Amino acid sequence: MVKITLPDGSVREYPVGTTAMNVAESISQGLARQVLAAKINGELKEAATPLNHDAAVQLLTWQDADGKSAFWHSSAHVLAEAVQALYPHALFTIGPAVEQGFYYDIDFGDSAPGADDLTRIEEKMMEFARQANTFSLYPISKADALDYYRKRNNPYKVELIENLADGEITFCDQGSFTDLCRGGHIPDTGYIKAVKLLNLAGAYWRGNEKNKQLVRIYGVSFPKQSMLKEHLELLEEAKKRDHRKLGQELGLFAFSQRVGKGLPLWLPKGAALRERLEQFMRTAQRKAGYQPVITPHIGSKALYETSGHWDKYGADSFQPIETPEEGELFMLKPMNCPHHCEIYKAEPRSYRDLPLRLAEFGTVYRYEQSGELHGLTRVRGFTQDDAHIFCRPDQVKNEFVKVIDLVLYVFKSLNFSDYRAQVSLRSKEDRSKYIGSDENWEKAESAIVEAAAERGLTTVVEYGEAAFYGPKLDFMVKDALGRSWQLGTIQVDYNLPERFELEYTGQDNQKHRPVMIHRAPFGSMERFVAVLTEHCGGNFPLWLSPEQVVVLPISDKFLDYAEKVADLLNNSDIRTLVDRRTESIGRKIRDNEMRKLPFMLIVGEKEEAEEKVSVREHGKGDLGSMNTQEFKQLIHEEISRQLNH
RNA sequence: GCCACCCUAGCUCAGCUGGUAGAGCAACGCAUUCGUAAUGCGUAGGCCGAGGGUUCGAGUCCCUUGGGUGGCUCCA
């Protein structure tokens with residue numbers, strides 16, 4: 001007998017050679033029908049794997065991330081089988097499950113499919129799925145495995161096998177298809193009831209640009225047809241929140257071919273939104289002891305040679321600007337730090353002056369690869385809510401705590417509760433590439449970890465993700481389509497103080513090198529507005545909304561009263577307009593609802609006579625009538641509720 | 001940059017296998033003066049992203065080019 005421990009801690013006994021599926025059946029037939037795979041001692045395995053020793057077993061269904069993963073990974077096998085049937089010369093490489101489905105990277109040689117061929121492949125997949133072929137995993141010797149793929153002229157699988165140890169290699173068969181695979185499949189292909197191949201993409205073998213480019217086919221699959229339908233509807237829904245769509249609809253920003261790709265144009269409403277955010281940050285920073293500075297948009301090439309950016313990024317950036325003076329070269333600034341270093345150097349500094357916090361909404365230009373550009377989240381010209389803190393090594397932790405507070409204040413004010421904080425530290429093994437003393441790194445790294453813990457941040461620590469010049473703490477937020485974007489960032493820098501030979505006079509009357517902290521709570525105004533737009537689906541918080549109130553006269557007869565109300569509100573700093581169009585009231589309400597205007601004031605005969613307004617809130621409907629004083633108070637209360645938490 | 005796809009009126013989109021461009025919304029004009037999500041009628045609006053080619057004829061086919069979209073280390 002073997003003892004099987006289930007996730008709830010219960011232990012059951014079964015005959016040797018029993019399977020996870022048998023365990024499921026012993027619990028209930030209903031469960032057994034749902035089991036897709038199992039985790040045996042933490043490893044994802046087939047539910048049919050015989051259990052010959054005591055083991056911890058977790059039964060996986062569609063509800064488990066790993067269950068989905070087994071399902072999608074198995075679907076990748078079926079995709080390969082279908083491709084093999086239609087393109088006999090295709091060479092398979094890897095086909096894993098991903099967060100939202102699966103893909104397979106395939107070398108098609110000269111006969112790559114186009115997007116139109118995906119339907120054909122889908123149909124073939126469903127044909128194999130209906131055959132309900134079992135996935136059977138079996139061990140194979142390294143020699144036999146190599147032989148198998150050498151005969152098929154598949155250098156990719158050969159390379160993969162060469163890196164595996166003999167004795168731990170397994171193949172998996174299903175129907176007419178055999179694949180090198182470590183396992184973790186659903187029982188048979190019949191579980192797959194719906195498949196959708198989403199797109200084709202180029203992907204380099206092993207992700208390296210120097211290697212051959214393969215064709216990657218992305219897809220999703222489901223155990224029920226209705227689930228696919230829901231999934232596709234969800235994707236459609238997400239598209240409605242896309243900041244590029246909303247940005248156009250709400251008149252926030254635009255792009256122009258003639259201006260150049262990746263260079264956003266902020267329209268009046270977008271500019272109003274952005275300025276309000278900047279104002280918000282300025283106030284918060286002033287309270288936190290930052291001093292605003294202003295620096296030019298260009299800097300001499302020598303500045304970036306000093307900073308090291310020319311060597312590292314020069315070739316891939318906007319190229320230097322020439323002047324009538326022979327040999328004189330300027331760069332569009334790709335970052336504000338070198339300028340701020342020069343501000344630090346503008347006067348001698350004492351330990352008493354530190355920390356020195358220099359803040360600037362600095363516009364920078366970076367020549368991102370054209371394929372990387374994406375709406376407002378990845379652009380070639382953007383404005384950072386940048387600041388550099390120059391401090392003593394013993395002040396790093398405290399400064400970190402203060403910056404974390406600022407970032408959390410921003411997130412809270414804008415209702416971002418679903419973010420991820422990542423601490424990036426040095427790699428544990430190779431520490432040769434990092435600049436700065438070991439001692440300082442130790443100090444800074446523990447300062448970050450402690451500061452994050454002190455502020456109750458749940459962080460993910462990534463070793464080896466630190467920049468060569470210092471460790472960092474990043475805040476990531478997901479967009480409407482589930483893609484992760486980095487917003488706030490806090491980075492320690494030992495490099496620039498060194499290169500610019502920054503110093504301060506210590507208490508001991510000796511020269512010391514300050515530590516520099518880069519930080520941008522928004523990240524960039526562009527990216528932040530993009531993520532914020534998606535986050536609130538275009539319904540910005542009242543205090544940020546470019547237009548807060550619109551007055552709708554029932555008919556032209558009440559235009560004068562409407563104007564009077566609007567003037568009154570505008571004089572109280574409530575951004576108000578009047579819908580002067582000669583349209584029905586129903587029409588005006590509809591249009592302003594669609595423009596996502598937070599409040600509508602409907603005024604007609606009744607209101608004018610009683611000196612009142614009928615209030616309608618976006619998405620909520622009629623709130624009844626009140627006088628303008630009461631309405632002003634309602635607005636001001638709402639705004640202070642949003643900002644003072 | 002690379003792979004796939006897309007580009008037709010301000011916006012959203014039709015336009016079959018090539019026969020010389022169409023709708024809705026928006027805009028403008030006229031009428032309507034309206035009570036909580038679309039008043040009616042009319043007018044105007046397009047070098048079908050750009051350039052080249054094939055053809056008697058190209059929005060439609062081919063090539064080049066611009067812009068956009070998705071993807072480009074979530075390991076057998």
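Owing to the predicted nature of the structure, the values given are computational and were not obtained by experimental measurement. Below, read A as the first sequence line, B as the second, and so on, with proteins coming before strands; counting in each chain starts at 1.
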* To do: Scan side-chain atoms only and decide if A/Ser614 and A/Glu607 contain a donor-acceptor pair under the 3.5 Å cut-off.
  => yes
* Distance between C1' atoms of B/G29 and B/G68 (Å, rounded) -> 36 Å
* For atom CD of A/Glu605, decide whether the heavy atoms of other residues, nucleotides or ligands shown that lie under 6.0 angstrom number more than 12. => no
* Looking for any heavy atom pair under 4.0 Å, which part of the strands does A/Lys588 touch: base, sugar-phosphate only, or nothing? -> nothing
* Asked: More 5' along RNA chain B: A/Glu605 or A/Gly371, using each one's nearest nucleotide?
  -> A/Gly371
* Paired with B/C30: which nucleotide, if any, by Watson-Crick or G-U wobble criteria at under 3.5 Å for both distances? -> B/G40
* Asked: What interatomic distance, in whole Å, is found between C1' of B/C30 and the corresponding atom of B/G15?
  -> 33 Å
* Residue whose nearest RNA chain B nucleotide is more 5′ - A/Ile554 or A/Glu583 -> A/Ile554
* To do: Find the distance A/Lys212:NZ to B/C3:C1' and express it as a whole number of Å.
  => 13 Å
* Say you pick atom P in B/U64 and the same atom in B/U69; how far apart are they, in whole Å? -> 23 Å
* Below 3.5 Å, does any donor atom in the side chain of A/Arg616 face an acceptor in the base of B/U36, or the other way round? -> yes
* Check every strand shown and say whether A/Ile585 touches a base, only sugar-phosphate, or nothing at a heavy-atom separation below 4.0 Å. => sugar-phosphate
* Structure fact -> Taken to the nearest whole Å, CZ/A/Arg581 to P/B/A38 is 13 Å
* Asked: A/His243 has an atom NE2; how far is it from atom C1' of B/U69, in whole Å?
  -> 12 Å
* With C1' as the reference atom in both, quote the distance from B/G59 to B/G19 in angstrom, rounded to an integer. => 13 Å
* Asked: What about A/Ser584, does its side chain sit under 3.5 Å from the base of B/U33 through a donor-acceptor pair?
  -> no
* Assign A/Gly375 to base, sugar-phosphate, or nothing according to its heavy-atom contacts below 4.0 angstrom with the strands shown. => sugar-phosphate
* Write down the distance between CG (A/Asp66) and P (B/C74), rounded to a whole number of angstrom. => 17 Å
* To do: Measure from CG on A/Asp591 to P on B/A37 and round the result to the nearest Å.
  => 12 Å
* **B/C63 versus B/G24 - spacing of their C1' atoms, nearest Å** => 36 Å
* Asked: With a non-hydrogen cut-off below 4.0 angstrom, is A/Gly586 in contact with a base, only sugar-phosphate, or nothing?
  -> sugar-phosphate
* Would you classify A/Arg182 as touching base, sugar-phosphate or nothing, given that sugar-phosphate means primed atoms plus P, OP1 and OP2, and contacts are heavy atoms under 4.0 Å? => base
* Asked: So what does A/Thr582 hit on the nucleic acid, given a heavy-atom distance under 4.0 Å: a base, only sugar-phosphate, or nothing?
  -> base
* Structure fact -> Among the nucleotides B/C72, B/U33, B/A38, whichever has the atom closest to the side chain of A/Arg590 is B/A38
* Length of the line joining A/Asp579:CG and B/C34:C1', which is rounded to integer Å -> 13 Å
* So, A/Asn199 versus A/Tyr103: side-chain donor-acceptor pair below 3.5 Å or not? -> no
* Asked: Does the ring of A/Tyr148 carry A/Arg150 above it, NZ/CZ under 6.0 angstrom from centre and within 45° of its axis?
  -> no
* Taking the same atom, P, in B/U17 and in B/C72, what whole-Å distance lies between them? -> 34 Å
* Asked: So A/His309 and A/Tyr313, would you call those rings parallel, tilted or perpendicular, with 30° and 60° as cut-offs?
  -> parallel
* Inter-residue atom distance A/Leu252.CG - A/Arg244.CZ, 0.5 Å rounding -> 14.0 Å
* Would you tell me if any nitrogen or oxygen in the side chain of A/Lys620 comes within less than 4.0 Å of OP1 or OP2 on B/U36? => no
* Asked: For A/Ala201, which contact category applies under a 4.0 Å heavy-atom criterion: base, sugar-phosphate, or nothing?
  -> base
* To do: Quote, to the nearest angstrom, the C1' distance that separates B/G51 from B/C75.
  => 44 Å
* Out of B/U33, B/G35, B/C74, whichever nucleotide has its closest atom nearest the side chain of A/Val98 -> B/C74
* Structure fact -> Here the distance between atom P of B/U73 and atom CG of A/Leu214, to the nearest Å, is 12 Å
* Asked: Got A/Trp485 and A/Val477 here, is their nearest side-chain heavy-atom distance under 4.5 Å?
  -> no
* Using 30° and 60° as the class limits, which term best fits the ring planes of A/His243 and A/His374: parallel, tilted or perpendicular? -> tilted
* Name the nucleic acid region contacted by A/Tyr103, choosing base, sugar-phosphate or nothing; use a 4.0 angstrom heavy-atom cut-off, strictly under. => sugar-phosphate
* To do: Pick base, sugar-phosphate or nothing for A/Tyr218, based on heavy-atom distances below 4.0 Å to the nucleic acid.
  => sugar-phosphate
* Examine B/G70: is either OP1 or OP2 under 4.0 Å from a nitrogen or oxygen in the side chain of A/Arg244? Give yes or no. => yes
* Lys/Arg-Asp/Glu bridge criterion (N-O < 4.0 Å) met for A/Glu372, A/Lys261 -> no
* **Distance, C1' atom - from B/U60 to B/G40, rounded to whole angstrom** => 38 Å
* Just do the side-chain hydrogen bond (donor to acceptor under 3.5 Å, both in side chains) check on A/Thr628 and A/Glu630 with the steps written out, would you? => CA-CA 5 Å; A/Thr628 47; A/Glu630 289 169 322; over 6 Å; no
* **N/O (side chain, A/His374) to phosphate O (OP1/OP2, B/G70) under 4.0 Å** => yes
* To do: Determine the contact category for A/Glu168: base if any of its heavy atoms lies under 4.0 Å from a base atom, sugar-phosphate if only primed atoms, P, OP1 or OP2 are that close, otherwise nothing.
  => base
* Establish, yes or no, whether a centroid distance under 6.0 Å links the rings of A/Phe135 and A/Phe177. => no
* **Identity of whatever pairs with B/U54 - Watson-Crick or G-U, under 3.5 angstrom** => none
Could you write out each protein N or O paired with an N or O of nucleotides 5-12 of chain B at a distance under 3.5 Å?
none

* State whether the distance check finds a donor on one side and an acceptor on the other, under 3.5 Å, for side chain A/Glu607 versus base B/G35. => yes
For nucleotides 61-66 of chain B, give me every protein contact, N/O to N/O, under 3.5 Å, one pair per line with atom names.
| residue | atom | partner | partner atom | Å |
| --- | --- | --- | --- | --- |
| B/G66 | O2' | A/Gln257 | OE1 | 3.0 |

* Pick base, sugar-phosphate or nothing for A/Ile94, based on heavy-atom distances below 4.0 Å to the nucleic acid. => sugar-phosphate
* Asked: Taking the side chain of A/Ile589 as its heavy atoms from C-beta onward, which of B/A37, B/G35, B/A76 lies nearest to it?
  -> B/A37
* Identify the nucleotide, in any strand shown, that forms a Watson-Crick or G-U wobble pair with B/U12, with both distances under 3.5 Å; if there is none, say none. => B/A23
* Structure fact -> Taking a pair to mean Watson-Crick or G-U wobble geometry with both distances below 3.5 Å, B/A4 pairs with B/U69
* Atom pair distance, as rounded to whole Å: CZ in A/Arg580 and C1' in B/U33 -> 17 Å
* Under 4.0 Å between any heavy atoms, over every strand shown, what does A/Asn199 touch: base, sugar-phosphate, or nothing? Just pick one. => sugar-phosphate
* Could you walk me through whether A/Trp72 and A/Gln100 pass side-chain hydrogen bond (donor to acceptor under 3.5 Å, both in side chains), step by step? => CA-CA 9 Å; A/Trp72 283 329; A/Gln100 290 286 347; over 6 Å; no
* Please indicate whether A/Phe108 has more than 12 foreign heavy atoms, meaning atoms of other residues, nucleotides or ligands, lying under 6.0 Å from its CZ. => yes
* Structure fact -> In A/Val550, A/Val549, A/Asp579, A/Val551, the residue satisfying side-chain contact (heavy atoms from CB on, under 4.5 Å) with A/Met600 is A/Val550
